[in-house]
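We're numbering straight along the sequence, starting at 1. Order of listing sets the numbers, starting from 1, for every ligand and every atom in it. We use all heavy atoms of the structure for the numbers below, so side chains are in, but hydrogens, waters and symmetry mates are not.
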Amino acid sequence: MSTSTPQKFEFQAEISQLLEIVTHSIYTEKEIFVRELVSNAADALEKLRHTQLTEKDIFDDKLELEINVTTDDKAKTITIQDFGIGMTRAELVENLGTIAHSGSKAFLKAIGENEAKNTSLIGQFGVGFYSAFMVAQSVKVYSRSWRQDEPGHVWSSDGSGSYEIEESEGERRGTKIVIKLKEDCADFAQDWKVKEILERYSAFVSYPINLNAKRVNTIQALWLRNKNEIKDEEYTEFYKFQAHAYDEPRLRLHFSADAPLAINALLFVPKDNTEKLGFSRLEASVSLYCRKVLIEAKPKDLLPEWLRFLKGVVDSEDLPLNLSRETMQDKALIEKLNKVITKRFLKFLEEEAKNRIDGYNEFYAEFGIFLKEGAAMDFTHKDQLVKLLRFESSLTEKGKTTSLADYVSRMGSEQKEIYYLVGPNRAAIESGPYLEGFKARNLEVLFCYEAVDEYVMNNVREFDGKKLTAADHADVKLSELPKPEGGLSEAEVEALGKWIKDTLGERVSEVKASDRLVDSPVLALNADKFMSPHMRRMMKAMNKDGAESPLRVNLEINPRHAVLTHLHALHTANPDKAKLVAEQLLDNALISAGLLDDATAMVARLNKLLESV
Ligand code: ADP
Ligand code: MG
């Protein structure tokens, strides 16, 4: 039995509470009411489509499945209309008067637990239909069910505790929501404003959305299509649109998973690493969608920090026919998504590294720094990340790299550790004194050129059970080599070493014959267990404490080198000149180690030495 006189209803207590909160929402959140109402419209169309599959007798069956948004800036109204499933009188009461549904429930629960954060959660949650009251003076919902014999109704409320329902003549199938905007929300009756909002949140909704009779959403939700049917150009177009990018993506990963979660994801690695170019730190920007509707454009926890260079979309609809987004508002769920996607992306990189070596190396040259960051900081994914790292080494050509796994496969049975040297470039490392002892023993040394490498190596610590060891560290023990002919005798070396130590005093902690030197006269080894030369330089650059701590090194001398045999003769014949030579040798060693802070004294000394040439 229908009635044409308006009937008045009170809202359920929780709804009144919710309305109280939304009416005090801050301006930036208000716009999401468009997203919420459009999503409801899309849901209603989707439900109708399902109904059409089984029901033959549907009211107004010829109507297009589309969403029409119209604005009237004179009257200050916005109208959202769909030709979806519609609502009967009972459904209007049930759906819009009680809070059995929707994200609203989860929202209320969250603010209950989280009083302080309060309304700022609205955007994240979406409070469904009630979000209309953030901007509305009054809301009218005209609706007519798909069922043939149900009349149309209009539901109306000003959001202050009660609503009315009345029969309404001449309604078409579906729902039309007319919002009379509050004075300070009149912007939402502007075409440009609403267009912007629709493009941001609803660009991929599968049903056509027309704003004032003009179609807004023309790009498809590519991530839900079968990848075998998608052309490269389509991917590129999508990337440019979705990521607001101008470049061509370097790599892409399009995948779906069913377990443990239903996920469709389309991820892109951009062409360039803009952080490397000196632009500001990237923000996480893979967007989270649920059934094509944007949940969050830049969710922080969806991926680990070191994946902040990725662009694209992750869409999860856990239950295909569950039309609520409530499930997305769950932190544990985000964590699960994070785990699945990260794992999948790492597997993808592993495959790239194996099957498309050049492409991977180009990617690595640009984005490797992020993998290093992950290897050093992300304990969960460290092992997989370390496998993806690449370095030049003493055995690669310039510009070619090796993985740690390949390094290990080349190690002789004697070798227990993985050696590396940090330096500004290949030439600097190769011409320094540290490498020669390793070369003479056929030990491969990885070359690290980036400021972070030392930190990374220290944090990674080991690979495949082998310790990562700085080749210029004093603790490194190298095997005996057959002693070449010539040079100073052991007694002479000892005497000379003692004399050098006495002459140089506090500047060195130990002087001894080297087992590493082949071609160079001397080298300095860091005697500070806690601060490597490179760390020292970095600290100095950052002006941190410790930069000025007195420097002490172990000096190793090469008894077969002409400079040392000469010095041995000189130290008794002309001790004054010998002292200058010894000091200069130490400075030379410090320069090679990158440890000489001030060269002024050295230059003066060198000039003095040159006088006697
Ligand atoms: P949710 O969409 O999460 O269920 P909402 O508060 O957005 O929560 O909507 C509440 C309910 O109202 C919906 O579940 C749906 O049954 C009904 N509803 C809202 N908008 C429409 C619409 N345009 N057409 C049909 N039913 C709707
Ligand atoms: Mg909704």
ask   = With a 4.0 Å cut-off on heavy atoms, does Glu36 reach ligand 1?
value = no
| said: Between Lys195 and Glu199 (salt bridge meaning N to carboxylate O under 4.0 Å), is one present in this structure? | reply: yes
With heavy atoms and a 4.0 Å threshold, my read on which part of Asp82 contacts ligand 1 is side chain
Within-cut-off N or O pair, Phe129 and ligand 1, under 3.5 Å = yes
Worksheet item: Would the number of heavy atoms belonging to other residues, nucleotides or ligands and lying under 6.0 Å from NZ of Lys382 be above 12?
Response: yes
Quick note on ligand 1: atoms under 4.0 Å from a heavy atom of Ala44 include exactly 22 (C), 24 (N), 25 (C)
Among Val141, Asn95, Val38, Asn40, closest by heavy atom to atom 17 (C) of ligand 1 is Asn95
Should Glu373 and Arg308 count as an ion pair when the cut-off is N to O under 4.0 Å?
-> yes
Side chain or backbone, does Tyr130 bring an N or O within less than 3.5 Å of an N or O on ligand 1? no
Practice prompt. In plain terms, say whether Lys180 and Asp72 are close enough for a salt bridge, that is, a side-chain N and a carboxylate O under 4.0 Å apart.
Written response: no
Sorted by chain and number, sequence neighbours left out, side-chain contact (heavy atoms from CB on, under 4.5 Å) with Leu303 holds for Val286, Leu307, Leu310, Ile341, Thr342
If we number the atoms of ligand 1 from 1 as shown, the ones under 4.0 Å from a heavy atom of Gly128 are 5 (P), 6 (O), 7 (O)
So the atoms of ligand 1 within less than 4.0 Å of a heavy atom of Thr175 turn out to be 22 (C), 23 (N), 24 (N), 25 (C)
Given the options Lys292, Glu66, Arg49, Tyr207 meets side chain to side chain donor-acceptor pair (under 3.5 Å) only with Arg49
Hits for side-chain hydrogen bond (donor to acceptor under 3.5 Å, both in side chains) against Glu171, two or more places apart or cross-chain, chain-then-number order -> Ser168
Review point. Is Asn40 close enough that one of its N/O/S atoms sits under 2.8 Å from the Mg ion (ligand 2)?
Key: yes
For Leu96, the ligand 1 atoms with a heavy-atom partner under 4.0 Å come out as 12 (O)
